[in-house]
Novice: 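One structure coming up, written as structure tokens, with questions to follow.
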Amino acid sequence: MLRFCSVALLALMLAACQQDAPTDDSGLDVLDDLSDASFALVDQDSMAVDFPGDFAGQPVVLGFIYTFCPDICPATTANMKEIRRQLGTPRDVTFATVTFDPERDTPSVMKNYARIYGLEDADWTFLTGTPDEISRLMERMRVRVERSDSTINDDGSVFYFVNHTDQISLIDESERLRFSYGGSNTPPEIIAEDTNALR
Amino acid sequence: MRYALFVLVFVFAACAQPEAPVEADPDPAEVAPLTVENAWARPAAAGGNSALYITLVGGSAADTLLSAESAAVNTVEVHESFETETGTMGMRPVGMLPVPAGETVALQPGSFHVMLIGAEADLVVGERVAAVLTFSQTGPISVMAQISETAPDGMVAGDAEHEDASMDHSDLGDADASE
């Protein structure tokens, strides 16, 4: 009886340990289970988006940018486009880009950004939101954001840069963060391979 | 006969004179000027920003990039992306950019770039954007930059694009950047 109880307890403990273990072949750990989170965002058409809930059911390749950025962020966007191309423009993977500069990156600005990068009709979601909600999202996704070098223009508008983490994150179909990569400089074939393993 | 000998000695002496050094002006053809190569720029929506990348090939004399301008945008500044003391990446304006004689200075992603601020109209992939770079010695040089999302074939991809594909995930952590 004692042996049975020990084996049963061991099996129970093992099962509990494996509850959150990934069942795919990606080899990626679960870094954060986001399924308990809900961020009220809007897309480039000003439609409400609940993140990550609205994306549940398929992997998400999520890029972090701000459209004012001329150097790093365009490389991140180009990298994501290449990942998508290498995956064969899949319909079972969501590609999304979220800004961390919501004051300037309104839905219409995001839509223009999508257009200039040829993504207007690409089934690619561009996300923004209120400053508080975006700040909360960035904190959860471990994206550091700080304004720097602010100057005031003649018209009273504020000109500033943003210090930010350069990041693309991979989220699985169960809303779990599986990895965050250097956004602009990670070879796209690596992220494409990981994404493929989650499909 | 004595006269002929005198002439011979005179001619010999004249021929034996060491040649005086010639202080001729340098041949302009031998002075290599600063040149520019591989100009390309990121796309941008009207009102948005772009970065122009270019390779500066130093001439036979040291030169300095003093400024840049473009009618296609409201403001042009030379910027540099850099790593801060805390390990994040920052971006700052660069007042002047030296181009030493005979050396190459690459303005490339993740490093030096000409920031095009406030596009007057869309900067569309496949088109070109004009700019003028002014150097202390060479003066103004007009460039036409090809608009492309990434470095066109044969051009410098830079520090910010695509590191070694053989890295494992321990090398792939997100990088802090400042723009």
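Residue numbering restarts at 1 for every chain, and letters A, B, ... go by the order of the sequence lines.
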Novice: Does any heavy atom of chain B fall under 4.5 Å from the side chain of A/I191, the backbone, both, or neither of them?
Specialist: neither
Novice: Is it possible for you to say whether A/L170 and A/W124 belong to one hydrophobic cluster, with membership spreading through side-chain heavy-atom contacts below 4.5 Å?
Specialist: yes
Novice: Which pair of non-hydrogen atoms, one from A/D71 and one from B/G110, has the smallest distance, and what is that distance?
Specialist: OD2-N, 2.9 Å
Novice: Tell me whether B/V94 shares a hydrophobic cluster with B/L52, the cluster being built from Ile, Leu, Val, Met, Phe, Trp, Tyr side chains joined at under 4.5 Å.
Specialist: yes
Novice: Out of curiosity, does A/V109 fall in the hydrophobic cluster containing A/F161 (side-chain heavy atoms, cut-off under 4.5 Å, transitive links)?
Specialist: no
Novice: Which atom pair, heavy atoms only, marks the closest approach of A/P70 to B/R42?
Specialist: O-CG, 3.6 Å
Novice: Is it the backbone or the side chain of A/R115 that comes under 4.5 Å from a heavy atom of chain B, or both, or neither?
Specialist: side chain
Novice: Let me check something: do A/L119 and A/V42 share a hydrophobic cluster, defined by ILVMFWY side-chain heavy atoms less than 4.5 Å apart, either directly or through other members?
Specialist: no
Novice: At a 4.5 Å cut-off on heavy atoms, which part of B/L116 comes close to chain A: side chain, backbone, both, or neither?
Specialist: neither
Novice: Just wondering, are more than 12 heavy atoms of other shown residues or ligands nearer than 6.0 Å to CE in B/M144?
Specialist: yes
Novice: Tell me whether A/E139 at atom CD has more than 12 heavy atoms from other residues, nucleotides or ligands lying less than 6.0 Å away.
Specialist: no
Novice: In this structure, are over 12 heavy atoms from other groups packed under 6.0 Å from A/D123 atom CG?
Specialist: no
Novice: Looking only at heavy atoms, which two atoms of A/I116 and B/A45 are closest? And how far apart?
Specialist: CG1-N, 3.7 Å
Novice: Which atoms of A/Y117 come close to chain B, meaning under 4.5 Å heavy atom to heavy atom: side chain ones, backbone ones, both, or neither?
Specialist: both
Novice: Give, as side chain, backbone, both or neither, the part of B/A41 having an atom under 4.5 angstrom from any heavy atom of chain A.
Specialist: neither
Novice: For the CZ atom of B/R92 and the OG atom of A/S148, what is their distance to the nearest 0.5 Å?
Specialist: 12.0 Å
Novice: So with a 6.0 Å cut-off around CD of A/E193, is the heavy-atom count from everything else above 12?
Specialist: no
Novice: Under a 4.5 Å cutoff for heavy-atom pairs, which residue among B/P93, B/G48, B/G47, B/A44 has the most contacts with chain A?
Specialist: B/A44
Novice: Which atoms form the tightest heavy-atom contact between A/F68 and B/N49, and what is the distance?
Specialist: O-ND2, 2.8 Å
